[in-house]
Structures are given as structure tokens and as C-alpha cells.
Amino acid sequence: MSNPIHDRRDGGEQASFPMGGGLRALMAQDRMHARLLVLAGVFCVLFSAIGIKLTLATIIRPMPPQQQQIAPQVPPIPKSDPKGMIAGDIALPQVHRASVIDRNGQVLAMSLPVAQVYANPLEMIDTTDAAHKLKTVLPSLNEEETKRRLSLNKQFVYLARDISPAQELAINNLGIPGVYFEPGERRRYPMGRVAAHILGGVDIDDHGVAGIERYFDKRLDDDRTPLRLSLDVRVQNVVHDELQSAMDTFQAIGACAIVMDVRSGEIISMVSLPDYDANDFGRAAPDSRFNRAVTGMYEPGSTFKLQTTAMALQDGVAHIWDRFSSTPIKIGRFTISDMKSDHFDPWLTLPEVMAYSSNPAAAHIALDAGAARQQDWLRRMGFFARVPIELPEAGRPIVPSVRNWGVSTTMTVAFGHGMAEPPLSIVRGTAATANGGFLLRPTLVAHETAPAASGATPDASAAMPPDAERLISAANSDILRRILRLDVAKGTGQKAESVGYYVGGKTGTAEKIGPHGGYLKHVNVSAFTGIFPMNAPRYAIYVMLDSPKPTAQTHGWTTAGWNAAPTAARMITRIAPLMGLFPDTQHAAAIEADLAIPMRPAVPRGYRALGPGYDPGTEHLHEHEHEPSATSARRARAPHGATDTAQVPAHTLHVRNDVSHPPAQQSSDRG
């Protein structure tokens, strides 16, 4: 056994040295330590660099995720908009159907990103486990049905539609093989019931099936710029509130109201009741989806006397000083009469005919004009055709055939019986009488250019759209404005007055026609059509109540002067300030004097006024005695639009128009 070498050095210390093998091991250990130190240093440098990079990217200078790093359903990071400069600019990059907004940018309809979940059953490993996991994220999922579908010998099956991005992420985190996602979108209506009849709805594939969604279906798919409507949701809400209150108060079965700009034709508000939540279009009842403003057909009643008066003035048939008999007219076994006639003379001037709403007097005016002139006037005013509006549901009016348009039809149509029109047609015709005589095309799309100042003269053609057609002269339009103001100031429409807004208008009450024909006593459609402010016409308003009931406040009456007129007054008082109009009471005397027209205008020198002993229309009345009795005496079958049209499908509204409509015994709006 070898011993180590002992050597004594420097003061007697003894050192020992290992043999050759131990020295090599010691040197290898030293080299390993050096390598570990170098490697540790490299890792320290790498981790430091990564830490610095993460600090810069997440704290000091954070970077948004790149587009390819996020799912196509995730919306972009919103930009700060404290001043609301981009309000209404709802055009999400991950959806293709454009939004719908009101005239002020309030969103009415928009598409939200969703996903469709589908699977490839051939790639499934454990269908039971997969169905159970999916159920934890989608509680409404039928687990057994899902298991069955995942077991099919197919390569594609839908599992769920229209799930939210959060649900999509949760399902993705489950890590189920064979489950995939397809990006999609769902149409939503943030305002719920607001303008539901106008917006319409879409089907499961996002194609429009009703309303604006259907009319502008291609435009909404091709152009992602929001579609701006003429509606004002503030006005729409007020009109809806007041109309619902009136409908509840008078227990009406339905109602509608319209507000239209008389210079542009823009519809500011259109409400039909009962209504529905636009998000539940598919489950809404047919009666709720029925748009009474454009689809419902109703006899206009005495509101139509405005058209009879306008025709007589414009065609030179009558002047404001001419007088017409209010004596009841007998036709076979029927009689044209007024509800109350003890408060006016048997001969009425044109202003009195409107203010007192006399049926026989209106019939005499129409007889003076004749059937041909009456038909031509109504045709030119658009009452023989669908009202032009961006709603596919707009219905065709129900009018008598020309071949059966005899003397009895001429008389009954004069005071709004024997034909049925949608309320929007009445609004359109009313606007034409007061805006200088221009027949406008109603529209639900906001105009790009602002209308003229509110102080513009009513016959200023520069303020009208280029497609407006002038049918009434400025002078006659001025007379009609005064007559309409007279009806509210002293006639049947007094309860429509709104202080400071100088409302003008006409009430109308028509007895409804029963399901088996014949007018129903004490069951009315009451309406008010008007303009405000009448000194500078800006807006037309229409209110209709279907089958209102009497109350203690109406003293048992169900006529328009007691229900529709005061409802219109409340609406005007609330909505006018929202549209930039404020009551003018300081100049009331001057304004009223400018709008004044005497009840009995004097006959100018050199004119022979129509009246007792001089009434050409009386000769036409005698012609009725020679008509076949079957034509003059038979009662017309009820047009569906004049009754409760909401209870029948739209395709049944087109009924026979080839019968004459004898007048009701009593149909006026006194009260």
C-alpha cells in the first residue's frame, strides 16, 4: 500500500498531495462549476429581457391585440367620445346589416355579434361527456337530444344558435373535439315597443319580413351606413303615452296617431295600438302587429268634409259666402241628417258647414260639383291608390266602383261615408290643404337638407320637395287654413285647442259597419285631423280611436269632439317644444285677427250666391229618383277596413268595390 509523500515547508507545515486520479476529478469539478455559472448568467439575462419587455408591453406602453389574435365576434376597443360626436354611427365591423336610427341618432335597430355552435359527430370521442359539458354552458340545451345528434352518422349538425361571445368562449374552453363555431349576428331593437310597427322584423336568417326591415332589406345588407329615419323617438314616446292613456280612458279596442311635417312629408311619429315589443315580432299577436295607421281602412267620417270644401273652392263650384241646405235628405228608406240642428239655420255658408259639420249641407256641395269632378279630385289627391310610404303593409283604399258611383254615393262620400281610407291618407290630404296646396309624398326617411325656417310663407314652393304637386292655389289654401282654425276656435273641434299653438282641424265620427253589413248604432270610429301652428303651418296631426266608450266627462257622447280632439290637444302641448316650437301668447290678438274668417261672409257686389231658390245641385238630387231601386236603396256590404280590420288578415282587405254605399241615418261629430 503506497503512502502519501510528506514534505515539510515554511515553518514545518505538512502538505499532502493526492495521487494522479484524484487530481483529475478535482479539475473536472471546477470546470462544471464554471459552466453552471455561465449558464445561470445567460438565463438571468434572458429573464431580465423578457421581464423588461413585458413591463413595457403591459404597464409602460401597453399594446392592443392585433386583429388576427381575437375572434371575429369580439367588437373593437371603443374610442372615447365625451362630446357624442359619433352618436348614431353604429357600424360594427363584425356585422354586415346596417343599423337603423332616428333623426337624432338614437339607435332603433342594430345587429349584435353572436355565434352558431355546430359539431362533426364523426370526430366525437365521448358523446355523453360532450353533451353533459355543453349543458353546463347552455342551460336550455336538451342533453338527451344533443347526445342523440352527436351520435348521428353525419359530418355536420347544429347544436345551438345565436349564443353570446361569453358562451362561445366558455364552450371553447371545454376543449371538446369536433365542436366548432360559425360567426353570425342577431337583430335587436333597444327601444322595445317604440316604433315597432314601423321597424317590422327579420327572420332567422336576418332577412327583413315586415316594415322598414323588409322595405330596405337590400339597402341594409349592402350599405353598412346607418339608415336614418325621420322619426323622433322623443315625440314617438309622448304620442304613444297620450294615445295609450286615451285608449284606456275610453276603453277603445284600437287607436292610432300620426305626426307629419307638412313641408317635407317626413313622418315624425306614427303609433298604432295595441302594439308589441319589436324583439318578439314572431310571437306577437296578429292584432298587435296590425298597423292601423297604414293597413287599417276606416270610413273617414266628417274629416272628409275638408276635401269636399277644398274641391268646391279650387274648382270654382262654391265660394265662402254661398249657402247650402242643412235640411235632412231622404233617399229611399234612409235619411241624411245631422245629430243636432237646433243651433244653426237651415241654410249654412261654407265656413258654417265646416264649423257645424253638417252632413246634408256637405252632400249639397258635392251635388253641385257632380260625381265626375268629385272622382277626379279624390283621384288626384291620392285617395284611390295606396298611400306612398316605405312600408310594405300599406293597404289599398276601399272605394266604390266608378260605374256605380251614383248620386247617393256622391252625397255620402262628401261627408266621409261609403269608402274606407287609411289614416295616413287623411293626414296627407289635410297637409295639402294648409301648406300652400302641395300634395306631398309621406316618407319615413329623414331628409338630408334642413327645411325652411318656421316663418316661411305656407305657399313658398322653395320649401317643398321637388316631387311635391300643387293641387290647391295659395289663395284657396289660405281660406282653408282660416276655416280649419274656425272649426277649432268656434266649431266642433274646440277641445283640440292648445294655447299658443293656434290649432286648426276637423273632427270626424263615422259609425262602424258590422260584420254582416249595416251600420252599428253607437259604435264609432272617432278621429281628429289638424295642423299646428295654423299661422305658420308646420306639422299635421291625426288621432283616431276605434270604438271608444262614453264616460262621465263626455256626458255620454262618443264623438270625436269629446275624445279624439282633446287627445290631440294634449299631444300638441307636449310634443311642440320637443320640435322647437313654443307657444306664442304675446301676439295672440294679432294672430287670431289674421286667421279670422266670418261665419257668414258677405256676398260681394256682382255675385249671385248659391242659396234658397238657386242651388244647381238640387237637380242632381232629383235624378236619384230615377235610379234603379236596387241601386239606390240597397245597403253596402261592410268593407273590412271600415270595421275592426285588425281581426282579419291583410289579404282579406280587398273586398268588392262595385256596390254603392247609401248613407247612415246619423253620422256626424257633434258634441
Side-chain angles (χ1 to χ4, degrees), residues 64 67 70-115 162 165 183-192 194-237 260-261 263-270 278-279 281 388-394 440-451 465-467 579:
Q67 185 64 34
I70 58 179
Q73 293 87 354
V74 180
I77 297 175
K79 298 179 181 179
S80 177
D81 183 29
K83 296 183 179 181
M85 300 300 292
I86 59 175
D89 187 18
I90 309 299
L92 301 178
Q94 67 275 18
V95 298
H96 75 277
R97 192 170 181 87
S99 301
V100 179
I101 59 179
D102 84 332
R103 65 189 306 110
N104 300 313
Q106 175 66 53
V107 178
L108 298 174
M110 65 183 301
S111 293
L112 299 177
V114 295
D162 297 342
E185 58 189 69
R186 178 191 296 171
R187 201 66 165 169
R188 300 300 295 174
Y189 304 92
M191 305 296 288
V194 175
H197 289 97
I198 296 174
L199 295 171
V202 297
D203 59 16
I204 194 171
D205 296 317
D206 244 20
H207 298 306
V209 294
I212 287 291
E213 295 279 19
R214 179 181 175 187
Y215 189 91
F216 288 105
D217 187 49
K218 189 174 187 306
R219 185 268 187 229
L220 291 170
D221 280 340
D222 295 345
D223 184 355
R224 293 176 60 247
T225 303
L227 175 64
R228 187 179 298 273
L229 299 185
S230 60
L231 297 178
D232 187 325
V233 295
R234 304 169 304 168
V235 177
Q236 184 81 0
N237 274 311
M260 186 182 85
D261 191 320
R263 301 172 307 171
S264 65
E266 292 174 291
I267 303 298
I268 309 300
S269 174
M270 180 185 290
N279 295 294
F281 175 81
I389 189 69
E390 298 92 349
L391 291 175
E393 299 81 17
L440 303 175
R441 181 186 180 93
T443 180
L444 286 165
V445 179
H447 285 194
E448 296 295 333
T449 57
D467 59 348
M579 300 184 291

Quick check for you: to the nearest 0.5 Å, what is the distance between I198 atom CD1 and D102 atom CG?
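Rounded to the nearest 0.5 Å, the CD1-CG separation comes to 11.0 Å.
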To check you understand the geometry: which heavy-atom pair defines the closest contact between [X] and [Y], and what is its length?
X    : Y    : answer
G200 : E213 : C-CG, 4.5 Å
P165 : P113 : CD-O, 3.8 Å
M270 : Q236 : O-NE2, 2.8 Å
S99  : L220 : O-CD2, 4.2 Å
L231 : A195 : CD1-CB, 3.7 Å
I389 : I267 : CD1-CG1, 4.2 Å

Checking side chain to side chain contact (heavy atoms under 4.5 Å, CB included) for the pair I268/M260: CA distance, chi angles, key distance, verdict?
CA-CA 5 Å; I268 309 300; M260 186 182 85; over 6 Å; no
When you compare the side chains of R97 and S111, does any donor N or O come within less than 3.5 Å of an acceptor on the partner?
no
Have E266 and H447 got a donor and an acceptor in their side chains that come within less than 3.5 Å?
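Absent: no donor and acceptor within the cut-off.
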Using the test side-chain hydrogen bond (donor to acceptor under 3.5 Å, both in side chains), find all partners of [X] that sit at least two apart in sequence or belong to another chain.
X    : value
D232 : N104, R234
D162 : Q116
S230 : none

Within the distance-only criterion (no hydrogens, no angle test), does the side chain of D223 pair as donor or acceptor with the backbone N or O of R219 below 3.5 angstrom?
no
Just to verify, what does R188 make a side-chain contact (heavy atoms from CB on, under 4.5 Å) with, not counting sequence neighbours?
L112, R186, N279
Which residues pass the side-chain contact (heavy atoms from CB on, under 4.5 Å) test with V445, sequence neighbours left out?
F216, E390, T443
Start with the C-alpha distance between Y215 and E393, add both sets of side-chain angles, then the distance that settles side-chain hydrogen bond (donor to acceptor under 3.5 Å, both in side chains), and finish with yes or no.
CA-CA 10 Å; Y215 189 91; E393 299 81 17; over 6 Å; no
Compile the donor-acceptor pairs under 3.5 Å between side chains in residues 202-212 and protein atoms, sequence neighbours left out, one pair per line.
unit_1	atom_1	unit_2	atom_2	d
D203	OD1	D205	N	3.0
D203	OD1	D206	N	3.1
D203	OD1	H207	N	2.8

Any side-chain heavy-atom pair from N237 and V194 closer than 4.5 angstrom?
yes
In sequence, state the C-alpha distance, the side-chain angles, and the governing distance for L199 and V100, and then conclude on side chain to side chain contact (heavy atoms under 4.5 Å, CB included).
CA-CA 8 Å; L199 295 171; V100 179; 4.0 Å; yes
Under the side chain to side chain contact (heavy atoms under 4.5 Å, CB included) rule, what do Y189 and R187 come out as? Steps first, then yes or no, please.
CA-CA 7 Å; Y189 304 92; R187 201 66 165 169; 3.5 Å; yes
